[in-house]
Amino acid sequence: MLAAGPHAIAERIAADRRIWKEQGARGKSSAFLVIFNSRCLAHARPSPEFARLCTELASLYLTELAPVLPDVIYTEAIPLRGHDGVLRLFKGSVQLFHTGAHLRRHHDRRIPGGVMISVNGPGYYANSLVTQGICVDLSESAPMVRRLAARSIGAGGLGDERALSTTWHRDLAARDTHPLVLRRLPPRRSGPIRCRQRPPPVNRPLPRPRTMVLAALAYIDASETSLTDPTHGWFHGVPIPERDLHHNPWRPVVPIDAPDFNY
């Protein structure tokens, strides 16, 4: 698909995205993964060139918001039909994962095999558990989903020895005695992307924050919110007409950087 060019990639993602949202409306799926499985991308060293390539790939997914820019927060819209028959949109977090994040500051964004755009809606998931009859109400599903999200994140991605983990972060971090050999992408060219071997970067021990996760998951809460609340849509959906099932109304947000990652 990568060799077929950007138009073919965008069409394939758009088709699968439509199918996913139709499944989502029935309460069947809270997450959408777009994986660019490539040896070249897996061996690419983080760099301005690599970042630009990732934004170009992301633009082929979020075509309604293209061009995707770095250091901007983008949000997906996940539809769900409630017991009352009303179709609602929930916000979905859009994240970028890549192999080169291994043992770097964003270690929790590493994944084998290349680059992945990950969309996940914990609030949607909590609501879908109710619509499917798995949980009685949101007061039951919200704590369960919050615990699941905390375990999947870990402590900054390196894992917290005091808690359970649902990812490979802790186990692989403990077993990796030989860090991945990372390589830089060559300058952009019109033909196929090729990789040139580079010396591996120096990996330094990273701090393991243990408190940032709880603050980041505070929005997974059953408390009612209004349309003017900045967290509205994350846990409580916005009613929409049927024609807007595939619409994404959430606009990009430029974060305000803070030393403690509290945005």
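Keep in mind that what you see is a predicted model, and the values were worked out from it rather than measured.
- The side-chain heavy atoms of L62 and E64, taken from C-beta on, include a pair separated by under 4.5 Å.
- Using a distance-only test at 3.5 Å, with no hydrogens or angles considered, no donor-acceptor pair links the side chain of K28 to the main chain of E22.
- Q23 places none of its side-chain heavy atoms less than 4.5 Å from the side chain of F32.
- In this structure, CZ in R18 is found 3.5 Å from NE2 in H246, a value given to the nearest 0.5 Å.
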Original post:
For V34 and D16, what are the C-alpha separation, side-chain angles and deciding distance, and is it a side chain to side chain contact (heavy atoms under 4.5 Å, CB included)?
Top reply: CA-CA 9 Å; V34 182; D16 289 340; over 6 Å; no

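- Taken from CD1 in I117 to OH in Y74, the straight-line distance is 11.5 Å, to the nearest 0.5 Å.
- The two residues G82 and T131 make their nearest non-hydrogen contact at CA-CG2, 4.1 Å.
- Atom OG1 of T99 sits about 8.0 Å away from atom NE2 of H43, to the nearest 0.5 Å.
- In summary, of the residues considered (H102, Q95, H98), a side chain to side chain donor-acceptor pair (under 3.5 Å) with R109 occurs for Q95 alone.
- Nearest heavy atoms, V145 versus P122: CG1-O, 3.5 Å.
- Taking 4.5 Å as the limit, some side-chain heavy atom of E56 sits within range of a side-chain heavy atom of L53.
- Placement of I19 and L80 in two distinct hydrophobic clusters is found when ILVMFWY residues are connected by side-chain heavy-atom separations under 4.5 Å, directly or transitively.
- Nearest heavy-atom pair, L138 versus P143, reported as atom, atom and distance to 0.1 Å: O-CD, 4.2 Å.
- Applying the side-chain contact (heavy atoms from CB on, under 4.5 Å) test between L87 and each of V238, I240, D244 identifies I240 as the sole match.
- The shortest distance between side-chain heavy atoms of E76 and N120 does not fall below 4.5 Å.
- In this structure, the side chains of T63 and I13 stay at 4.5 Å or more apart for every pair of heavy atoms.
- H83 NE2: more than 12 foreign heavy atoms inside a 6.0 Å radius.
- Heavy-atom minimum distance, V68 versus S59: N-OG, 2.8 Å.
- The distance from atom CD1 of I78 to atom NZ of K91, rounded to the nearest 0.5 Å, is 12.0 Å.
- No more than 12 heavy atoms of other residues, nucleotides or ligands lie within 6.0 Å of CG in D71, so this atom counts as exposed by the packing criterion.
- A donor-acceptor contact shorter than 3.5 Å links the side chain of N37 to the backbone of G113.
- Environment of OH in Y125: sparse, with no more than 12 heavy atoms of neighbouring residues, nucleotides or ligands closer than 6.0 Å.
- Looking only at side-chain heavy atoms (C-beta outward), L69 and T55 stay at 4.5 Å or farther from each other.
- Taking the six-membered ring where tryptophan is involved, the planes of Y124 and F90 are perpendicular, since the angle between them exceeds 60° and thus also 30°.
- With values rounded to the nearest 0.5 angstrom, I134 atom CD1 is found 10.0 Å from E140 atom CD.
- Cluster annotation: L148 is not connected to V136 through the hydrophobic network of ILVMFWY side chains, with a link wherever side-chain heavy atoms come within less than 4.5 Å.
- A donor-acceptor pair under 3.5 Å is absent between the side-chain atoms of N127 and the main chain of V130, judged by distance alone.
- A distance of 8.0 Å separates CG of L89 from CG of N248, quoted to the nearest 0.5 Å.
- For the pair R81/E242, a side-chain contact is recorded, criterion being any heavy-atom separation below 4.5 Å from C-beta on.
- Here the closest heavy-atom approach between residue S29 and residue W20 is recorded as OG-NE1, 3.0 Å.
- For the pair L129 and M144, the minimum side-chain heavy-atom distance is below 4.5 Å.
- G27 and Q132 get closest at one heavy-atom pair: O-NE2, 2.9 Å.
- Put simply, V86 and F235 are part of two different groups of oily side chains (I, L, V, M, F, W, Y) that touch within less than 4.5 Å, one to the next.
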